[in-house]
Each structure stands twice: as C-alpha cells, then as structure tokens.
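Predicted model, so just to flag it, every value in this text is computed and none were measured. Values reported hereafter were calculated over all heavy atoms of this structure, with side chains retained and with hydrogens, waters and symmetry mates removed.
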Amino acid sequence: MDMTSRMSSHFDDAIDTFKTSSLALSAPLSAAVDLLFGALANNNKILSCGNGGSAADAQHFIAELVGRFERDRLPLAGIALNTDTSILTAVGNDYGFDNVFERQVTALGQPGDVLVAISTSGNSSNVLRAIEAAHDREMLVIALTGKGGGKINELLFETDIHLCVPHDRTMRIQEVHILLLHALCDGIDALLLGDTL
C-alpha cells in the first residue's frame, strides 16, 4: 500500500466508525446530556478523569464547561482530576498511582455530582477506582470506553451511562470520544440557551 492509500484508509475507517457509533450511541448520548444538565441545574458539579489522551479529553471537556463551548453563557461547575500535578504526584508517591483519582473523588464528590470517566480500554485501574469512589459518594457515572468496555462495563450501575465506542483501535476510539464530549457540550448548551444550530 502506498502512503496516500494508507492515509486515505484512515479517513475511510474513521467514517465507518463514526457511522457505527452514531447508531449505537445516539440514544445513550442523549440520556447523558439529560443526566449532566440535571446535575448542573441542581447545583451539582461534574468531575472528569482519564490517562494520556483520555486525560487531555477530560481536561478539554471541563474547559468547555467552565469556559464556553460555542456560545457565551455562565460558567458551569466542572473539575478535571488529572490536571493538578501536586495532587497527582503527592497521592501517586504516598498511596500509588491507582489512587490518584479515587482520593480526589472522595474529597470533592457529593451526592448528585457526575463523574465522566474516560478509558479507551475500559481497564485503567485509577479510573476503575474513581468509579467505585463515585458510587460510594452516591454520584452518577458516565463512562466513555471502547474495546467492549473492559472492566468498567462490569462496574457500572443501571443508573450510570456507558458510551462504549464499537471499535478496538485506540485512535478511532479517541476520535469518537472527542465527538461525544463535544456533543455533550452542545446538548447542555441547547437545554440551557435554546435549541439552535
């Protein structure tokens, strides 16, 4: 395969993944918008976490909430748990890296808050522990995964929402994850500000 064909195949695979994801995830994505909006409307907050590219996605999502998405509005309450290097290194050093999100959820989470947990494999130990801590704090969870959902799929309650991208390649899963997060921001804004495109 020449390089141009190789590059073209990425577009073809991404288009197929987006189409498959649209069929599988549009309904739970809509439910996730309602869940997030309900939490924010009740003066609760959104916590988000992930590792690597998923950490960047978690931070990006919270930036859209606290800052703005496409339209001006009041800031919305959100915290990315992977951004404070002092907390991450202190907890990682003293308790182990598996605990870096769990301890923050335990410290900051309140009943009615929502944890947006991002793991392409569904098996990230620190994200799994964050979900368990969220459940202990009577929080709801929206999980973004791929590859069948991994261990996260087994942890979620019926009241949680699982957005599992139907693909096994990390890059494709991450590409859909950012669309899902943008769609969540758009849905929240539509409910807050009116349904305009």
**Fill in**
Exactly one candidate in Leu76, Ile161, Ile46, Leu65 meets side chain to side chain contact (heavy atoms under 4.5 Å, CB included) with Leu36; the answer is Ile46

List the atom pairs, donor and acceptor, that lie under 3.5 Å between side-chain atoms in residues 49-62 and the rest of the protein, sequence neighbours left out.
{"residue": "Asn51", "atom": "OD1", "partner": "Asn126", "partner atom": "ND2", "Å": "2.9"}
{"residue": "Asn51", "atom": "ND2", "partner": "Asn126", "partner atom": "OD1", "Å": "2.8"}
{"residue": "His60", "atom": "NE2", "partner": "Glu64", "partner atom": "OE2", "Å": "2.8"}
{"residue": "His60", "atom": "NE2", "partner": "His182", "partner atom": "NE2", "Å": "3.2"}

Mind listing the closest non-hydrogen atom pair of [X] and [Y] along with its distance?
| X | Y | value |
| --- | --- | --- |
| Gly112 | Ala39 | O-CB, 3.6 Å |
| Lys147 | Thr170 | NZ-OG1, 3.2 Å |
| Ser9 | Arg6 | OG-O, 2.6 Å |
| Ser119 | Asn123 | OG-N, 3.5 Å |
| Ala143 | Leu156 | CB-CD1, 4.0 Å |

**Request:** Kindly write out the residues that satisfy side chain to side chain contact (heavy atoms under 4.5 Å, CB included) with Leu179, not counting sequence neighbours, or none if the list is empty.
**Result:**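 Leu179 satisfies side chain to side chain contact (heavy atoms under 4.5 Å, CB included) with Phe18 once adjacent residues are dropped.
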
**Message:** For Leu128, give me all partners under side chain to side chain contact (heavy atoms under 4.5 Å, CB included), at least two apart in sequence or on another chain.
**Reply:** Lys151, Ile152, Leu155

Do the non-hydrogen side-chain atoms of [X] and [Y] ever get within less than 4.5 Å of each other?
| X | Y | result |
| --- | --- | --- |
| Ile131 | His135 | yes |
| Thr106 | Asp136 | no |
| Val165 | Arg172 | no |
| Asn42 | Phe37 | no |
| Met139 | Leu47 | yes |

**Asked** Do Asp2 side-chain atoms and Thr4 backbone N/O form a donor-acceptor pair below 3.5 Å?
**Response**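 Answer holds: yes.
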
**Request:** Answer yes or no: is there a donor N or O on one side and an acceptor on the other, between the side chain of Ser30 and the main chain of Ser26, under 3.5 Å?
**Result:**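 Not confirmed, Ser30 side chain does not pair with Ser26 backbone.
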
**Request:** Report whether Ile173 and Ile118 are members of the same hydrophobic cluster (ILVMFWY, side-chain heavy atoms less than 4.5 Å apart, transitive linking).
**Result:** yes

**Prompt:** Going by atom types only, do His167 and Asp16 share a side-chain donor-acceptor pair under 3.5 Å?
**Reply:** no

**Request:** Decide if atom CG of Asn43 counts as having more than 12 heavy atoms of other residues, nucleotides or ligands within a radius under 6.0 Å.
**Result:**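 Not more than 12 within 6.0 Å, no.
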
